2 protein chains.
Amino acid sequence: MDRKLTQRGEERRKQLMAYATARFAQNGFHPTSVAEITEGLGVGKGVFYWYFDSKEELLRAILADAQLDLRRRQRAAVSGAASPSDGIEAGLRASMAWSIEHPDYFRLFQFAATDDRFNQGLRKGEQVAVNDAAKVLAAAMEAGEIPDGDATLLSHALLGVNTHLVQQVHRGVLAPSDDLIDAAVSFCLHGLLGRPAPA
Amino acid sequence: MDRKLTQRGEERRKQLMAYATARFAQNGFHPTSVAEITEGLGVGKGVFYWYFDSKEELLRAILADAQLDLRRRQRAAVSGAASPSDGIEAGLRASMAWSIEHPDYFRLFQFAATDDRFNQGLRKGEQVAVNDAAKVLAAAMEAGEIPDGDATLLSHALLGVNTHLVQQVHRGVLAPSDDLIDAAVSFCLHGLLGRPAPA
DNA sequence: TCCCGCGGACGAAACAGTCCGTTCACATCG
DNA sequence: CGATGTGAACGGACTGTTTCGTCCGCGGGA
């Protein structure tokens with residue numbers, strides 16, 4: 001959908017996306033019908049199809065928005081780092097903080113990863129983030145801050161720790177304390193460091 | 001559903017579960033209809049509802065089966081380990097190997113984690129596995145093999161690395177080589193070790 | 001007066017799940 | 001050994017509901 005929108009229209013579009021985000025996150029994408037969204041907002045179905053071609057396109061738009069926001073946050077964090085390893089830590093902390101602050105988006109990402117229709121678009125963005133991380137890791141290896149290794153693989157390992165721990169936070173299994181983030185960062189950095197001083 | 005099954009019935013039930021596993025993994029749970037399953041198998045709808053109360057119950061049965069199989073493999077691996085840290089490594093390797101060998105089950109787990117209806121049952125089992133791992137970690141801490149820390153949190157960190165890397169393997173981003181598993185194990189063990197020898 | 005934004009009835013399709021008659025495997029008995 | 005019985009297993013039409021997406025007329029602000 002590609003329509004010329006007035007201020008009012010822009011707001012309506014955002015309202016639809018915000019409400020749908022909440023419903024999708026709580027109920028699931030498939031079980032949530034378009035009617036449920038429009039009725040929840042007290043509007044007619046015409047409104048929905050004025051702004052979006054389909055439910056699928058709506059989710060895609062939501063995911064793209066969320067991804068953009070996350071990437072912005074990551075980039076900002078990494079750009080202000082002194083050394084590569086500082087960059088790794090800053091990126092890690094920024095990612096975890098963002099994911100903890102946006103449970104609905106996080107959940108939508110998780111779902112989208114299981115559905116090829118959405119995964120495709122998502123992976124492209126994830127690849128960019130992973131490549132960024134891998135570049136920082138490669139720089140850190142170059143600088144001798146960490147031992148050599150497969151930078152892509154290690155980036156994914158970091159992402160995995162990050163993601164899974166945040167998931168537990170949202171499930172209430174772990175508390176979203178600073179200690180948790182510190183522990184995660186410590187685990188990751190030492191994982192990267194390998195054996196710093198072979199005894 | 002709780003029916004007395006003959007040999008023939010037992011086989012039919014397994015056939016339904018196997019076919020549904022493949023369809024759910026490829027197409028997604030919601031987009032796959034009961035009719036699609038029965039037609040794919042060339043049987044009537046009566047057959048489906050003879051063995052399962054609903055599509056939901058079918059998935060639950062599949063997940064329970066898969067989880068049982070995974071747990072068996074983990075337990076077998078850990079039980080044959082000499083020391084706690086050996087147990088950690090063995091469990092890690094067993095989990096990754098199983099997950100790589102069973103892409104469909106893995107994918108179904110991923111989906112189930114995003115849907116509260118299935119997540120509930122799944123988490124119970126995951127908790128058991130995590131608790132097992134945490135116990136091994138606690139033992140390793142006791143034995144001075146690794147520094148003290150939150151065993152539950154660390155178990156989840158391990159699980160996160162494991163899960164995310166396997167996901168990349170199934171996506172074709174990473175190759176399922178021994179090197180990959182070795183690198184993952186190394187990352188995890190060093191993450192656990194923290195700083196073994198402060199330089 | 002445009003036309004963006006909107007309401008909601010509507011069509012067509014798909015869906016989960018039911019129902020009931022039929023068939024198959026095997027046991028029991030005359 | 002053939003007739004009869006029994007219950008598991010099955011086929012597939014059918015029901016009632018829900019779904020997505022369209023259509024078309026209305027209104028109010030620029």
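Just so we're on the same page: letters track the sequence lines, and every chain starts at 1. As the structure is a prediction and not an experimental result, all values here were calculated from the model.
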side-chain hydrogen bond (donor to acceptor under 3.5 Å, both in side chains) involving E145(A) - partner list, sequence neighbours excluded:
S85(A)

Only counting residues at least two apart or in another chain, list the ones meeting side-chain hydrogen bond (donor to acceptor under 3.5 Å, both in side chains) with D115(A).
none

Please enumerate all residues that pass salt bridge (Lys or Arg N to Asp or Glu O under 4.0 Å) together with D116(B), with sequence neighbours excluded.
R107(A)

Pair of N/O donor and acceptor under 3.5 Å linking dA9(C) base with K45(A) side chain:
no

Could I get the full list of side-chain hydrogen bond (donor to acceptor under 3.5 Å, both in side chains) partners for S33(B), not counting sequence neighbours?
none

Would you say CD of E56(A) has more than 12 non-hydrogen atoms from neighbouring residues, nucleotides or ligands within 6.0 angstrom?
yes

What residues form a salt bridge (Lys or Arg N to Asp or Glu O under 4.0 Å) with E39(B), not counting sequence neighbours?
none

According to salt bridge (Lys or Arg N to Asp or Glu O under 4.0 Å), who are the partners of E11(B), at least two apart in sequence or on a separate chain?
none

Listed by chain and number, what are the side-chain hydrogen bond (donor to acceptor under 3.5 Å, both in side chains) partners of Q110(A), not counting sequence neighbours?
none

Mind running a 4.0 Å heavy-atom check of residues 5-34 of chain B against DNA chain D and sending the residues that fall below it, in number order?
L5(B), T6(B), R8(B), G9(B), R12(B)

Can you pull out the residues from residues 47-58 of chain B that lie within a 4.0 Å heavy-atom distance of DNA chain D?
V47(B), W50(B), Y51(B)

Per the under-4.0 Å heavy-atom filter, residues of residues 36-44 of chain A near DNA chain D come out as none

Residues forming a salt bridge (Lys or Arg N to Asp or Glu O under 4.0 Å) with R171(B), sequence neighbours excluded
E126(A)

So which pairs with a foot in residues 131-182 of chain B pass ring pair (Phe, Tyr, Trp, His ring centres under 6.0 Å), sequence neighbours left out?
H156(A)-H164(B), H164(A)-H156(B), F106(B)-H170(B)

